[in-house]
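What follows is a short report on a single structure.
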Amino acid sequence: MNFSNIRMEMGADGAAAGVAVITINRPEKLNALNRDVMAELRQAFEAAARDSAIRGLILTGAGERAFVAGADIRELAAIDAVGAERLSSQGQSTFRLLESMGKPSVAAINGFSLGGGMELALACTARIASENAKLGQPEVKLGIVPGYGATQRLPRLVGRGRALELLLTGEVIDAAEAHRIGLVNHVVPQAELLPFSNAWMMKVLANGPLAVALTMQAVDAGYDAGMDAGFRFEALAFGLTAATEDRREGTQAFLEKRVPRFTGK
Ligand code: COA
C-alpha cells in the first residue's frame, strides 16, 4: 500500500515472511501522531486484519530517537471540544482494532514513547524496548487527559498504583524502570531491537495460528467480563480448536516426535 506518513513492508528489516513491519515515518517530528498518521495507521490495521498473508505486526518509529513522541501537540493546541472527543474516539477504535484483530503485534520501542505513542505500544501484544527508550504519559503536563486508551490499558498492565503515578506525575521513565514495572517485556541494545522483535514474533508464529488467535481473544474476553464469562469463552474456544486440523497436526507431531506443520485450518 502507498502511504506518506508510515511505511508498511512485508518482511522488512529482516522480518520473516508473514510479518508486516509498520514504521511511523515523521522522524523530524519524532514520529508524532498527527491526523494523517492516525488515518494511515487505521488503513494499515484494516489491511492487516483482512489480509491472511499477514500473520503478525511489528510497529516501530523511523530514526534512532523516537518510537512516537506523542500525539501532535501542534494539532492539540488548536482543537475544540467536539473535535477532540472525535479524535479520541477514533484513535481509541483504531488502536482497539490493532489489539483485537487476533494477530500478534510487537511495539519495537526505539526511543521516546510518550503520550499517544505509549498508548499505541499499550495496544500491542508485547512491548520490546531499546536501552535508550524513554517512556511516559506526560499529557497532564499539557493540561489534557490521555485520549487513546492509557487510562484504561495502563492500570490493567502495570497495576492501578503504578499507572496512577505515571499518569498523574507525567514523569518519563527509562527502559530499565519500564521493564522493572512490567511496562515492557524486554530491553535490548538498539541494534538488536528489530532482530529481537522478529525472533519474539517467530516464537509465536511457530504455533497453531487459530490457537494463537483464540488465546488472544480468550484473554481479552475474560479480562473485563470476569472469570466466569472468561471460562465460558475459554471452554468454547478449546472446543473449537479441537475441531481443527491444527489440533490434529500439533498433537500428532508431538506423538511422532517431529515439528508440526500448521496450516491455520
Ligand atoms: N508533537 C508535535 N511535535 C513534536 C512532538 C509532539 N508530540 N514531539 C516532538 N515534536 C517535534 C518538536 O516540536 C521538534 O520540532 P521542530 O524541530 O520543528 O521544533 C522536533 O519534534 C524535535 O523535538 P525537540 O523537542 O526539538 O527534541 P528534544 O530532543 O529537545 O526533546 C522530547 C525531545 C521528546 C523530550 C520533546 O520533543 C517533547 O517533550 N515532546 C513532547 C512530548 C509529549 O508531551 N508528548 C505527549 C503529547 S500528548
Side-chain angles (χ1 to χ4, degrees), residues 1-25 31 33 36-62 67-68 90-91 93-110 120-128 185-186 192-221 237 240-253 258-265:
M1 293 180 84
N2 284 332
F3 295 111
S4 314
N5 300 279
I6 67 173
R7 295 196 304 266
M8 184 177 189
E9 299 150 301
M10 294 297 287
D13 296 311
V19 178
V21 178
I22 296 178
T23 306
I24 294 132
N25 192 19
N31 305 318
L33 301 175
D36 294 339
V37 176
M38 289 299 286
E40 291 189 0
L41 282 177
R42 171 103 211 165
Q43 288 174 41
F45 297 159
E46 283 170 353
R50 67 173 175 259
D51 185 349
S52 58
I54 297 179
R55 299 177 56 214
L57 293 90
I58 295 177
L59 280 92
T60 194
F67 173 65
V68 171
Q90 287 172 347
S93 110
T94 296
F95 289 5
R96 185 73 178 133
L97 171 60
L98 168 67
E99 183 176 50
S100 61
M101 71 171 75
K103 301 185 184 189
S105 54
V106 173
I109 302 173
N110 56 318
L120 175 60
L122 289 172
C124 289
T125 317
R127 284 145 296 285
I128 298 171
N185 301 69
H186 303 277
E192 288 168 33
L193 182 62
L194 287 175
F196 189 95
S197 300
N198 190 46
W200 186 96
M201 184 63 77
M202 294 324 294
K203 274 196 271 186
V204 176
L205 296 186
N207 301 318
L210 295 171
V212 166
L214 284 167
T215 299
M216 290 175 72
Q217 286 173 35
V219 171
D220 206 20
L240 186 58
T241 51
T244 64
E245 285 177 27
D246 281 353
R247 189 285 307 250
R248 198 194 53 74
E249 168 65 9
T251 51
Q252 204 58 37
R258 61 174 174 80
V259 177
R261 286 181 300 271
F262 292 116
T263 55
K265 291 185 180 142

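Just so it is clear, the model here is predicted, and its values are computed rather than measured.
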Does any non-hydrogen side-chain atom of [Y] lie less than 4.5 Å from one of [X]?
{"X": "I54", "Y": "M101", "answer": "no"}
{"X": "F3", "Y": "N25", "answer": "no"}
{"X": "S105", "Y": "E99", "answer": "no"}
{"X": "F196", "Y": "V106", "answer": "no"}

Between the side chain of [X] and the main-chain N/O of [Y], is any donor-acceptor distance below 3.5 Å?
{"X": "N31", "Y": "A62", "answer": "yes"}
{"X": "R127", "Y": "A121", "answer": "yes"}
{"X": "T23", "Y": "R7", "answer": "no"}

Supply the atom-to-atom distance [X] [atom1] to [Y] [atom2], rounded to the nearest 0.5 angstrom.
{"X": "I24", "Y": "L41", "atom1": "CD1", "atom2": "CG", "result": "5.0 Å"}
{"X": "I128", "Y": "I58", "atom1": "CD1", "atom2": "CD1", "result": "8.0 Å"}
{"X": "E40", "Y": "N2", "atom1": "CD", "atom2": "CG", "result": "9.5 Å"}
{"X": "Q90", "Y": "F95", "atom1": "CD", "atom2": "CZ", "result": "12.0 Å"}
{"X": "T125", "Y": "K103", "atom1": "OG1", "atom2": "NZ", "result": "12.0 Å"}
{"X": "I6", "Y": "I22", "atom1": "CD1", "atom2": "CD1", "result": "5.5 Å"}

Which is it for L98 and L59 under the side-chain contact (heavy atoms from CB on, under 4.5 Å) test, yes or no, and what are the steps along the way?
CA-CA 11 Å; L98 168 67; L59 280 92; 4.2 Å; yes
Taking it one step at a time, do R261 and E245 satisfy salt bridge (charged side-chain N to carboxylate O under 4.0 Å, His left out)?
CA-CA 10 Å; R261 286 181 300 271; E245 285 177 27; over 6 Å; no
What is the minimum heavy-atom distance between [X] and [Y], and which atoms define it?
{"X": "A126", "Y": "W200", "result": "CB-CZ2, 3.4 Å"}
{"X": "A213", "Y": "G102", "result": "CB-O, 3.4 Å"}
{"X": "V19", "Y": "M201", "result": "CG2-CG, 3.8 Å"}
{"X": "V259", "Y": "E249", "result": "O-OE2, 4.4 Å"}
{"X": "M10", "Y": "A53", "result": "CE-O, 3.7 Å"}
{"X": "D246", "Y": "P209", "result": "OD2-CD, 3.2 Å"}

Evaluate the criterion side-chain contact (heavy atoms from CB on, under 4.5 Å) for residue pair H186 and S197; output intermediate values, then yes/no.
CA-CA 9 Å; H186 303 277; S197 300; over 6 Å; no
How far apart are the C-alpha atoms of M8 and F45, what are their side-chain angles, what is the distance that settles it, and do they pass the side-chain contact (heavy atoms from CB on, under 4.5 Å) test?
CA-CA 10 Å; M8 184 177 189; F45 297 159; over 6 Å; no
Go through D220 and R96 one step at a time and tell me if the salt bridge (charged side-chain N to carboxylate O under 4.0 Å, His left out) criterion holds.
CA-CA 11 Å; D220 206 20; R96 185 73 178 133; 3.0 Å; yes
Starting from the C-alpha separation in whole Å, work towards a yes-or-no answer on side-chain contact (heavy atoms from CB on, under 4.5 Å) for L210 and R247.
CA-CA 9 Å; L210 295 171; R247 189 285 307 250; over 6 Å; no
